[in-house]
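Only one structure is covered here, and it is reproduced in the block below.
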Amino acid sequence: EKADPQKTAFLLRKAWTLYSVTPLYGFRRARLRDYARLLGAFIAAEKQKGLAVEVGVELDIKVALSSLADIRGSELDQAALLVQLSSRSRGSSRNSEDKPVWWGWFCSVFGDDLSENVPEHFTCLPLFLSHGAESYTALVGSWFQKTFDCSFRRLAISPLNLSWMVAMWAGCKLDRAASAVELVFSVPRLAQPLDISYAIHPEDAKALWDTVQKTPGEITQEEVDVFMDCLYAHFHRHFKIHLSAAKLVKISTAVASAHCDGIVKILHSQYLPGVLMLLTELAISQIQ
Amino acid sequence: HLATSLPLPSERDHLRPRIDLVVFMIDIKSKYSLKNVETSLAHVDASFFLGKACFLVTGVGRVNACSIEMNAVCKLGETYCSPVLFCELELEGIRASTAQRLVRMLAICAGHIPGVSALSFVSLMRKSGDD
């Protein structure tokens with residue numbers, strides 16, 4: 001399923017904070033405009049209560065909800081849902097442009113594991129990605145939780161999953177010159193925290209992965225282990241440090257980057273579905 | 001006696017008391033600890049795997065910091081016919097109960113509990129479908 005690059009361009013190169021979301025009860029795709037109005041009213045009401053989002057700035061927040069029909073894995077997936085918050089400062093004229101201040105989108109890419117077991121009236125969109133002020137995320141999140149009886153949880157990414165990501169994405173074929181493959185480790189139990197950044201030429205990383213992977217299109221845990229062990233052994237040979245004893249906290253490739261706190265940046269539209277499929281899987285395993 | 005890896009240095013062999021139980025510690029946050037245990041296993045006499053060895057996986061409270069695949073650890077337990085215990089050392093209650101459990105196992109391995117020997121652990125490890 002190829003997403004229209006124009007429509008999804010805004011998804012690239014932004015740092016998205018990840019959440020897993022339980023199924024939404026009573027969500028109706030036809031009522032998007034109503035929901036936008038209700039959410040807008042909710043945000044305005046919360047601001048009246050004094051829960052100011054932007055200190056000292058008078059802003060009207062406009063809410064827009066839309067479907068991203070192309071962002072799904074199969075016909076069994078729900079189309080992605082985008083929530084966009086824009087601001088229009090009160091002083092300016094009616095013709096002034098709205099400035100987007102926050103984005104959040106719900107999606108499911110091959111999320112059959114969750115949706116096939118879910119009763120009627122529930123909509124499965126287990127992965128939520130947000131970009132913008134945390135205060136807006138909290139407002140939007142609490143409105144959705146109240147309205148659709150769902151719950152949001154930050155999605156952390158374990159070092160094990162990060163190593164899968166770096167192995168998979170370093171092996172991706174890219175036409176343009178790619179940026180370096182980088183792994184960042186945090187060393188535990190030291191008086192002062194120490195981060196080690198290990199950068200590998202993308203061609204070397206891809207060449208290594210190509211020797212390890214046996215069946216194209218299939219990846220096994222053993223192959224990921226061999227790939228990582230080679231990187232660790234190389235590093236140990238030069239620096240006498242066992243990276244395998246440190247905590248892998250961030251990986252970066254030309255396809256996407258990911259941080260263990262559950263923050264990803266997708267850099268390449270061609271691999272957007274693949275990345276979302278992996279993240280959907282992580283979200284679902286956190287829910288179940 | 002604590003050691004970071006095996007084999008133990010041979011210089012102190014004559015001073016060392018008899019070893020009744022070997023606990024291999026694997027930190028779920030460190031791939032290196034698993035590799036270390038795997039290499040150390042080669043230096044252990046086969047007789048220990050008749051109930052006098054076990055694996056202790058620590059740090060299991062932190063699922064999000066997991067660097068090791070759980071299947072690999074369970075397979076290790078199966079291959080060496082030894083129990084795999086899980087614990088979280090950072091929680092005092094679990095730390096204490098794990099220690100008590102290990103001491104109890106040690107007492108059995110040292111022959112201090114009449115009627116129960118280390119071989120009992122081996123028969124407990126066998127799955128019910130095996131016979």
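First the proteins, then the strands, lettered A, B, ... as listed; each starts at 1. These values consider heavy atoms only, across backbone and side chains, with no hydrogens, waters or symmetry-generated copies.
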Q | Spatial distance of atom OG (B:Ser30) from atom NE2 (A:His242) [nearest 0.5 Å] | A | 10.0 Å
Q) Once you round to the nearest 0.5 Å, how far does CG of B:Asn64 lie from CZ of A:Arg154? A) 11.0 Å
Q: Indicate the atoms forming the closest heavy-atom contact of A:Ser158 with B:Cys66, along with that distance.
A: CB-O, 3.6 Å
Q) By a 4.5 Å heavy-atom criterion (distance strictly below it), what part of B:Ser33 contacts chain A: side chain, backbone, both, or neither? A) neither
Q. Is chain A contacted by the side chain of B:Ile68, its backbone, both, or neither, given a heavy-atom distance below 4.5 Å?
A. backbone
Within a reach of under 6.0 Å around [atom1] of [X], are more than 12 heavy atoms found that belong to other residues, nucleotides or ligands?
| X | atom1 | value |
| --- | --- | --- |
| B:Leu2 | CG | no |
| B:Glu92 | CD | no |
| A:Lys206 | NZ | yes |
| A:Lys173 | NZ | no |
| B:Lys75 | NZ | no |
| A:Asp149 | CG | no |
| A:Gln221 | CD | yes |

(Q) Quick check on A:Leu162 against chain B: is it the side chain, the backbone, both or neither that has a heavy atom closer than 4.5 Å? (A) neither
Q: Could you walk me through whether A:Asp229 and B:Lys35 pass the side chain to side chain contact (heavy atoms under 4.5 Å, CB included) test, one step at a time?
A: CA-CA 10 Å; A:Asp229 285 345; B:Lys35 284 257 163 316; 3.2 Å; yes
Q) Is the shortest heavy-atom distance from the side chain of A:Asp225 to the side chain of B:Lys31 under 4.5 Å? A) yes
Q: For chain B, find which of A:Gly262, A:Pro159, A:Ser163 contributes the most heavy-atom pairs closer than 4.5 angstrom.
A: A:Pro159
**Q.** Pick from A:Ala246, A:Cys260, A:Ala245, A:Ala156 with the largest number of heavy-atom pairs that fall under 4.5 Å of chain B
**A.** A:Ala245
